[in-house]
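Whatever order the structure lists them in is the order used to number ligands and atoms, beginning at 1.
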Amino acid sequence: MKKPDILFIGAGRMAEAIFSGLKQSEHIGTVTISNRSDAERLAHLKRTYHVETAKWQDVVADHNVIVLAMPPSSHPAVMKELANFVTNQLVITVAAGIGPTVLEEAMPGIPVAWIMPNTAADVNESMSIYACGQHMQEADRVILQMILDAIGESEELSEEQIHELTAVTGSAPAFVYQFAEALEQTAKLYGLSTEQATKLVVQMMYGSVAMLKDGRKAGDLRDQVTTPGGATAAGLEVLQEGNFSEILHEAVIAVNRKAKEQANN
Ligand SMILES: NC(=O)c1ccc[n+]([C@@H]2O[C@H](COP(=O)([O-])OP(=O)(O)OC[C@H]3O[C@@H](n4cnc5c(N)ncnc54)[C@H](OP(=O)(O)O)[C@@H]3O)[C@@H](O)[C@H]2O)c1
């Protein structure tokens, strides 16, 4: 297979996370980036990653894959213009709320995909969820997977599931950071410096996640730490009395409710 040439429309944080990972692959051809106005940023990215820069309208025909990495609000106008250029290129968006249905409506017959990464794409540890349009071929899927692999792990879901589960992969990192911050503040009550409190909490969380990544079950690991009637059990009881699990469930529902409201406005 010819190495795919990839064009990014939008050259912000998410585009950088993706192409910085992709540039390490030997299976990728030219990477070209573009934006509307920030020439300084383009020049910086060109120097740093040895990518090409261009006005996207001038080079779109020379690329096999187009990644839309600009805000959702920019999509309607760009998709409308892009529809005049694309023939059979693969078009991928990373924008919240812009699923394959929206892309196919704007560009009928074109292979399209929707990726929802999360902020950990910055360190190649995204948990990305994605959905494919109906015109995707096997070769398109291979390229899509390369892009997904450049930023971390991925799971294919239905478009509807992505709308519902972005709360878990995209928003829940904020819940985790809230948890970390609260525990750090608690640790500081016992006389630790900020650096010490951060070190304790971050490594505790990192080690806990490493055990989970090792394939062990959350419930089993929790039970291993918790002697019935012991000190950890007393702490868990407080969390249960505060409806810890239900609160998390409600937080996910609240994210989805708000996302729906925003989509309908
Ligand atoms: N960052 C994340 O963790 C994350 C996670 C999931 C999804 N996403 C999605 O990724 C997309 C990009 O997010 P980001 O964090 O990378 O945003 P960002 O850092 O603000 O970058 C947006 C980029 O899009 C360009 N742009 C805006 N309108 C454009 C247009 N009409 N034509 C061409 N370029 C345009 C901007 O440059 P100019 O203003 O110079 O044009 C900028 O380079 C968004 O849709 C967001 O929902 C981001």
Just by distance, no angles: are the side chains of [X] and [Y] close enough, under 3.5 Å, to form a donor-acceptor pair?
X: Thr194; Y: Lys188; value: yes
X: Gln145; Y: Asp149; value: yes
X: Glu155; Y: Tyr130; value: no

(request) Output yes when Arg41 and Glu16 qualify as a salt bridge under the 4.0 Å nitrogen-oxygen rule, no when they do not. (result)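 Result for this pair is yes, salt bridge flagged.
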
(message) Just to be sure I'm reading this right: ignoring hydrogens, which of Ser126, Ala39, Ala96 gets closest to atom 47 (O) of ligand 1? Compare them by their nearest heavy atoms.
(response)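 Nearest option to atom 47 (O) of ligand 1, by heavy atoms: Ala96.
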
For ligand 1, the portion of [X] having any non-hydrogen atom under 4.0 Å away:
X: Val78; value: side chain
X: Ser37; value: both
X: Ala17; value: neither

(message) Within this structure, what is the OG-CG distance for the pair Ser37 and Leu42, rounded to the nearest 0.5 Å?
(response)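 Reported value, rounded in 0.5 Å steps: 9.0 Å.
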
Nearest protein heavy atom to [atom], by residue and atom, and its distance?
atom: atom 3 (O) of ligand 1; result: Thr119 CG2, 3.2 Å
atom: atom 41 (O) of ligand 1; result: Arg36 N, 2.7 Å
atom: atom 19 (O) of ligand 1; result: Arg13 N, 3.1 Å
atom: atom 14 (P) of ligand 1; result: Met14 N, 3.9 Å
atom: atom 12 (C) of ligand 1; result: Ala69 O, 3.3 Å
atom: atom 28 (N) of ligand 1; result: Ser74 OG, 2.9 Å
atom: atom 43 (O) of ligand 1; result: Ala11 N, 2.9 Å
atom: atom 7 (C) of ligand 1; result: Val94 O, 3.2 Å

Within-cut-off N or O pair, [X] and ligand 1, under 3.5 Å:
X: Ala15; answer: no
X: Ile9; answer: no
X: Pro117; answer: no
X: Asp38; answer: yes
X: Trp56; answer: no

Does [Y] offer a backbone N or O that forms a donor-acceptor pair with the side chain of [X] under 3.5 Å?
X: Asn118; Y: Ala120; answer: yes
X: Asp5; Y: Thr30; answer: yes
X: Trp114; Y: Ala95; answer: yes
X: Glu181; Y: Gln178; answer: no

(request) For residues Thr87 and Gln89, report the shortest heavy-atom separation together with the two atoms involved. (result)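 Result for this residue pair: N-OE1, 2.8 Å.
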
